[in-house]
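Letters go in sequence order (proteins before strands), and every chain restarts at 1. Every value quoted in this text rests on a predicted model; they were computed, and no experiment measured them.
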2 protein chains.
Amino acid sequence: MSALHDHTHCIADALTRADALCAERGARLTALRRRVLELVWSSHRPRGAYAILEDLSQQDGKAAAPLTVYRALEFLVEQGLVHRIESLNAYVGCAAPGDVHSGQFLVCEACGDAAEIDDPGVGAAIDAAAAERGFRVQRPTVEVRGLCKSCQENPR
Amino acid sequence: MSALHDHTHCIADALTRADALCAERGARLTALRRRVLELVWSSHRPRGAYAILEDLSQQDGKAAAPLTVYRALEFLVEQGLVHRIESLNAYVGCAAPGDVHSGQFLVCEACGDAAEIDDPGVGAAIDAAAAERGFRVQRPTVEVRGLCKSCQENPR
DNA sequence: ACATGGGTGTTACTTTATAACACTCCGCCG
DNA sequence: CGGCGGAGTGTTATAAAGTAACACCCATGT
């Protein structure tokens with residue numbers, strides 16, 4: 001997310017990884033799904049389904065229906081290519097698809113950036129807390145609201 | 001949550017604690033807000049704003065508007081009397097208002113119960129992970145989906 | 001060719017949440 | 001006392017997010 005960040009490259013990279021992963025799994029990353037994945041990545045920020053829908057409609061000419069986007073997002077989330085940020089009703093590209101992804105985010109209130117972390121300590125603490133209570137974890141969600149480093153340093 | 005659980009008492013208890021806390025803080029727990037708090041507690045499960053709205057309309061005779069409920073909920077959340085479960089778009093009474101409440105929940109996919117935990121290990125792990133990245137935590141959210149103990153033991 | 005099933009399109013609708021603005025009630029100050 | 005101000009509430013309308021139901025298309029395998 002720095003100004004130096006080569007975002008074009010990073011989108012291309014995400015698409016390449018997605019191609020590889022889906023091929024490996026026999027999952028069908030169709031043109032539409034691939035396009036939606038690209039739009040999710042188009043900024044490094046979490047994006048709402050309707051924002052993506054708008055892009056699809058405007059950039060691709062045809063007016064898509066919400067379901068079109070939701071279905072593609074559902075697939076992408078299932079494949080672990082995209083995460084949903086519950087507290088924002090928004091979606092963001094997964095930084096490390098393929099790896100175990102527990103979905104931990106540091107969400108900056110100021111700049112809107114959502115940094116994905118995969119902190120083993122947090123994961124372990126959750127597992128321990130759940131185990132202690134006999135709870136069987138299926139999908140942990142961690143979304144920490146606060147201020148990212150650069151927004152603390154450059155407040156407005 | 002057991003069948004033996006004296007729920008009526010537990011609602012009354014929550015209201016008493018709320019009265020005390022608000023008095024102490026000079027916050028105005030008006031009749032409406034108190035009633036909404038009571039309705040949030042009416043089951044031990046997370047409840048949607050519109051479910052509460054319906055109760056309000058049906059049980060109290062007059063048709064309330066969504067904003068009425070949302071405003072009351074906003075107040076209750078601010079006061080730490082109620083938590084919002086982001087992944088469910090629902091609200092649940094806080095088990096320990098007044099204490100530091102980090103908002104950690106074990107949400108059972110089968111029975112819908114959301115057990116509030118306040119695990120120091122999880123809190124500490126999040127603080128550590130954030131600190132490591134220079135992120136300043138304001139509001140951590142932990143919502144773990146899975147199966148609670150009793151639903152594992154009595155599957156259907 | 002034909003059946004099959006996954007993916008997509010289309011229309012309508014539900015659920016969740018907010019905006020804008022008026023009114024009321026109550027304490028406070030002059 | 002009288003009016004001012006601010007928090008709380010009411011009312012209407014609207015936005016944002018998500019889903020249901022059903023039809024069609026097209027690649028694939030037999």
Side-chain angles (χ1 to χ4, degrees), chain A residues 18-19 22-23 25-40 45-58 60-79 81-92 112 114 141 143, chain B residues 18-19 22-23 25-40 45-58 60-79 81-92 112 114 141 143:
Chain A
D19 287 332
C22 287
R25 293 173 183 165
R28 296 176 53 187
L29 186 61
T30 64
L32 176 62
R33 290 167 173 174
R34 201 166 185 280
R35 180 78 179 111
V36 169
L37 177 58
E38 188 180 3
L39 290 172
V40 168
R45 286 186 172 54
R47 307 202 70 206
Y50 278 72
I52 291 165
L53 177 59
E54 238 172 77
D55 289 351
L56 253 191
S57 300
Q58 290 183 5
D60 299 2
K62 49 183 165 188
L67 256 178
T68 302
V69 170
Y70 279 107
R71 284 195 285 224
L73 287 171
E74 186 185 359
F75 170 86
L76 296 170
V77 168
E78 268 168 14
Q79 296 299 321
L81 298 168
V82 160
H83 289 290
R84 175 181 161 81
I85 312 240
E86 301 290 348
S87 56
L88 296 175
N89 293 337
Y91 300 81
V92 72
T141 299
E143 298 173 8
Chain B
D19 287 332
C22 287
R25 293 173 184 165
R28 298 177 51 188
L29 185 61
T30 63
L32 176 62
R33 290 168 173 173
R34 202 166 185 282
R35 180 78 179 110
V36 169
L37 178 58
E38 188 179 3
L39 290 172
V40 168
R45 286 187 172 52
R47 309 202 70 205
Y50 278 72
I52 291 164
L53 177 59
E54 237 173 77
D55 289 352
L56 206 51
S57 299
Q58 289 182 4
D60 299 4
K62 48 184 166 187
L67 256 179
T68 302
V69 170
Y70 279 107
R71 283 193 284 225
L73 287 171
E74 186 186 358
F75 170 86
L76 296 170
V77 168
E78 268 168 15
Q79 296 298 321
L81 298 169
V82 160
H83 288 291
R84 175 179 161 82
I85 311 241
E86 300 290 350
S87 57
L88 296 175
N89 293 337
Y91 300 81
V92 71
T141 299
E143 297 174 10

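OP1 or OP2 of C/dA17 lies within a sub-4.0 Å distance of a side-chain N or O belonging to B/Arg84. At C/dT15, none of the side-chain N or O atoms of B/Tyr50 fall inside 4.0 Å of OP1 or OP2 (strictly under the cut-off).
Summarising the geometry of A/Ala49 relative to A/Val69, their closest heavy-atom pair is O-CG1, 3.7 Å, with the distance given to 0.1 Å. Contact record, B/Arg47 with B/Leu39: NH1-O, 3.4 Å, taken as the closest heavy-atom pair. In terms of heavy atoms, A/Ala114 sits closest to A/Ile85 at CB-CD1, 3.8 Å.
In this entry the distance linking CD1 of B/Ile85 with C1' of C/dT16 reads 16 Å, nearest Å. If you measure from atom CZ of B/Arg28 to atom P of C/dC25, you get 13 Å, rounded to the nearest angstrom. Computed from coordinates, the A/Tyr70 OH to C/dT8 P distance equals 17 Å when rounded to whole Å. When the P atom of C/dT8 is taken as reference, atom CG of A/Leu56 falls 11 Å away, rounded to whole Å. The nearest whole Å value for the distance from the CG atom in A/Leu73 to the P atom in C/dG7 is 15 Å.
Between A/Glu38 and A/Arg35 there is a salt bridge, with a side-chain nitrogen of the basic residue lying less than 4.0 Å from a carboxylate oxygen of the acidic one.
Contact annotation for A/Leu67: base contact, defined as any heavy-atom pair under 4.0 Å involving a base atom. Among the protein residues, A/Arg71 comes within range of the nucleic acid bases, having at least one heavy atom under 4.0 Å from a base atom.
Protein chain A contacts DNA chain D from D/dA17 to D/dA21, reading 5' to 3' and using non-hydrogen atoms of the protein with a distance under 4.0 Å.
Residues A/Leu81 and A/Arg33 have side chains not in contact (no heavy-atom distance under 4.5 Å, counting atoms from C-beta outward).
For A/Pro66 and B/Ala31, each mapped to the nucleotide of DNA chain D holding its nearest heavy atom, the one lying further toward the 5' end belongs to B/Ala31.
A donor-acceptor contact closer than 3.5 angstrom is absent between the side chains of A/Glu143 and B/Thr141.
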